[in-house]
> 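Before I ask anything, let me first share the structure, which is written out below as structure tokens.
Small disclaimer: the values here were computed from a predicted structure and weren't measured. Just so it is clear, the values below take in all heavy atoms, side chains as well, and ignore hydrogens, waters and symmetry mates. In this chain, residues are counted from 1 in sequence order.
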Amino acid sequence: MPGMELFGAEERKEVMDVLETGALFRYNHDEMRQGHWKAKDLEAEVRKFTGAKFAHAVSSGSTAVATALAAAGIGHGDEVIVPPFTYIASNEAVLYSGGLPVFAEIDENLCLSAEGIKAAITPKTKAVLLVHMCGAAADMDAILKVCEEHNLVLIEDAGQALGAFYKGKSVGLFGKTGAFSFDFFKITTCGEGGLFITDDEQLYKNADSFSDHGHDHVGNNRGMENHPILGFNYRISELHAAVGVAQMRKISKIREANKAHQQYMKEKLSVIDGVTFRPVPDPEGDSGTFLNFFLPATELAGKVMKEFGETGVGGCNYWYTNMYHFINQWDHLKNLKSSAPLAIHHLGAPQDYNNLQLPKSQEIVGRLISLGIRATWTKEEMDVLAEKMVAAIKKVLN
Ligand SMILES: *Cc1c(COP(=O)(O)O)cnc(C)c1O
């Protein structure tokens, strides 16, 4: 959770620029704002870091995913292949767009696999919502091939993968559209915020309008321009964007520290027979936010987590039972509980969500433990943590 670790004078300065002028809105008020355009600056920082031609800041990662779907033309009745291991926001975005989630298998890289996608395709499949989980990219060459062969629209939820690259290219730029989150737990945070990116100018325009009631933002008087499409309010405020600007200027340093600490901890855990690590297709491209490792069996991973708890090892996530990121915890989704009817209630679910057969995903997430990497760790802190972790794991395995 490095972003929140490094909140300091730089963030305060950017926020004060906004507070001193009182221009909290990202559009208009040119005189009042005295040259401060924080949302625009944040978008420029993200374009520079990712190499995206277009970036548009919005109110959250969740609304960025919703915007990515809408901008790419995915909506009512469209079947969208999704992973059973992701933050629930991905699947909520599909459901609230009117789409129908179709669950497919992940592999040990923790993302949808090409085979998993292939096996889930039906004549009605329109798109794949690929989630780059736990800070590193999916196996893009294989996935792009499947999407091309089957004419599927690829949309990337890179909510927890800003700073991840695949063969030199940023996540979020492989599909038609991509989404990042800047919530409090991400590599860079602005409290609440998100970013939409694309290399396609028309899709950018769609996103820009969709996230602000359809305004096309042509000219310099928002409110008096045209509204080519319907939209909604997913705007970011200047206060949030200001924090994001300062955080983006730190991301390369954060990423470097993350990667060094991830490698250090990996070497320490490598001494244990029976512990294996996430096979990342492009290790250089890993953002280093997590060290993901596997125990030989689900039962052993559960025991290790219990031992971690008893010996004071913090910072490890066991998604299989403890977190809101795995399908086993999504009874509301499986039973289509919502406060108001959704398209899926009228159209019917494309799968029997209560009887899904995803043995591979169950087995992989069951064995997985993810250590959240801190950018501010000292070597001494890592040594103490590693020693405790190794002792706990060895106790369970021996
Ligand atoms: C965090 C996250 C989101 C949602 O982002 P918010 O900013 O919290 O709305 C979406 N998808 C993934 C994969 C995430 O990790």
Side-chain angles (χ1 to χ4, degrees), residues 46-47 49-55 64-65 67-74 78-86 90-91 93-94 97 99 101-180 195-204 206-207 278-287 358 360-361 364:
V46 170
R47 284 199 305 270
F49 180 74
T50 60
K53 288 203 183 105
F54 303 97
V65 180
T67 302
L69 289 165
I74 301 304
D78 291 334
E79 283 190 9
V80 182
I81 292 178
V82 296
F85 180 45
T86 178
S90 321
N91 298 321
V94 172
S97 78
V102 174
F103 290 93
E105 293 269 40
I106 63 166
D107 64 13
E108 278 204 345
N109 185 32
L110 310 181
C111 304
L112 284 172
S113 64
E115 303 92 81
I117 293 170
K118 222 182 217 169
I121 294 172
T122 74
K124 288 188 189 159
T125 311
K126 193 81 178 279
V128 175
L129 181 58
L130 179 65
V131 184
H132 301 283
M133 278 303 276
C134 301
D139 188 4
M140 290 317 306
D141 285 344
I143 289 169
L144 285 171
K145 194 157 162 269
V146 178
C147 290
E148 250 160 55
E149 278 170 9
H150 297 269
N151 203 18
L152 303 177
V153 174
L154 179 65
I155 294 150
E156 296 170 76
D157 179 351
Q160 49 185 267
L162 179 60
F165 296 80
Y166 178 84
K167 299 184 180 174
K169 184 167 167 174
S170 172
V171 294
L173 294 176
F174 291 89
K176 263 189 179 295
T177 55
F180 296 121
L195 250 299
F196 165 91
I197 63 167
T198 185
D199 279 341
D200 183 316
E201 185 170 12
Q202 184 55 50
L203 299 185
Y204 162 70
N206 293 352
R278 171 185 186 174
V280 176
D282 174 13
E284 199 37 55
D286 193 330
S287 72
L358 298 164
K360 202 162 175 200
S361 304
I364 288 165

> Indicate yes or no: at least one non-hydrogen side-chain atom of Glu156 is less than 4.5 angstrom from one of His132.
yes
> Over all heavy atoms of both residues, which pair between Gly159 and Asp157 is shortest? Give the atoms and the distance, please.
N-OD1, 2.9 Å
> In terms of ring plane angle, is the pair Tyr204 and Phe54 parallel, tilted or perpendicular, where the classes change at 30° and 60°?
parallel
> Taking all non-hydrogen atoms of both residues into account, name the closest pair between Thr125 and Ala120 and its distance.
OG1-O, 4.1 Å
> To the nearest 0.5 Å, tell me how far Ile155 CD1 sits from Thr67 OG1.
11.5 Å
> Which of these passes salt bridge (Lys or Arg N to Asp or Glu O under 4.0 Å) with Lys167: Asp141, Asp282, Asp139?
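Between Lys167 and the candidates, salt bridge (Lys or Arg N to Asp or Glu O under 4.0 Å) is satisfied uniquely by Asp141.
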> What is the minimum heavy-atom distance between Ala104 and Gly116, and which atoms define it?
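What the structure gives for the nearest pair is CB-O, 3.4 Å.
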> Within the structure provided, determine whether Pro281 and Tyr166 are in side-chain contact (heavy-atom separation under 4.5 Å).
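Result yes, sub-4.5 Å side-chain heavy-atom pair found.
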> Is the shortest heavy-atom distance from the side chain of Ile121 to the side chain of Val146 under 4.5 Å?
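Counting from C-beta outward, Ile121 and Val146 do come under 4.5 Å.
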> Taking NZ, NE, NH1 and NH2 as the nitrogens, is one of them in Asp286 or Arg278 under 4.0 Å from a carboxylate oxygen of the other?
no
> Can you name the nearest heavy-atom pair linking Ala137 to Ala164, along with the distance?
N-CB, 4.2 Å
> Quick check: does any side chain N or O of Asn109 sit under 3.5 Å from a backbone N or O of Cys111, one acting as donor and the other as acceptor?
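Answer holds: no.
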> Going from NZ on Lys360 to CD1 on Ile106, what distance comes out if it is rounded to the nearest 0.5 angstrom?
9.0 Å
> Establish, for the pair Lys169 and Phe174, whether the NZ or CZ atom is under 6.0 angstrom from the six-membered ring centre and no further than 45 degrees off its axis.
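Judged by the rule, Lys169 and Phe174 form a cation-pi pair.
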> Report the residues that fulfil side chain to side chain donor-acceptor pair (under 3.5 Å) with Asn91, sequence neighbours left out, ordered by chain and then residue number.
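Side chain to side chain donor-acceptor pair (under 3.5 Å) check on Asn91 returns nothing, list empty.
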> Is the closest side-chain heavy-atom distance between Val128 and Leu112 below 4.5 Å?
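Touching, per the 4.5 Å side-chain cut-off.
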> Contact between Thr50 and Leu162 at the side-chain level, heavy atoms closer than 4.5 Å - yes or no?
yes
> Distance check, rounded to the nearest 0.5 Å: Leu130 atom CG versus Leu152 atom CG?
12.0 Å
> Working to the nearest 0.5 angstrom, can you tell me the gap between Lys53 NZ and Leu173 CG?
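Rounded to the nearest 0.5 Å, the NZ-CG separation comes out at 9.5 Å.
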> Using every non-hydrogen atom in the two residues, find where Thr198 and Lys176 come nearest and quote the distance to one decimal.
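For Thr198 versus Lys176, the nearest heavy atoms are OG1-O, 2.8 Å.
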> Measuring from atom CD1 of Ile81 to atom CG of Leu154, what distance do you get when rounded to the nearest 0.5 angstrom?
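With rounding to 0.5 Å, CD1 (Ile81) is 11.0 Å from CG (Leu154).
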> Would you compute the distance between atom OG of Ser170 and atom CD1 of Ile197 and round it to the nearest 0.5 angstrom?
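CD1 of Ile197 is found 5.0 Å from OG of Ser170.
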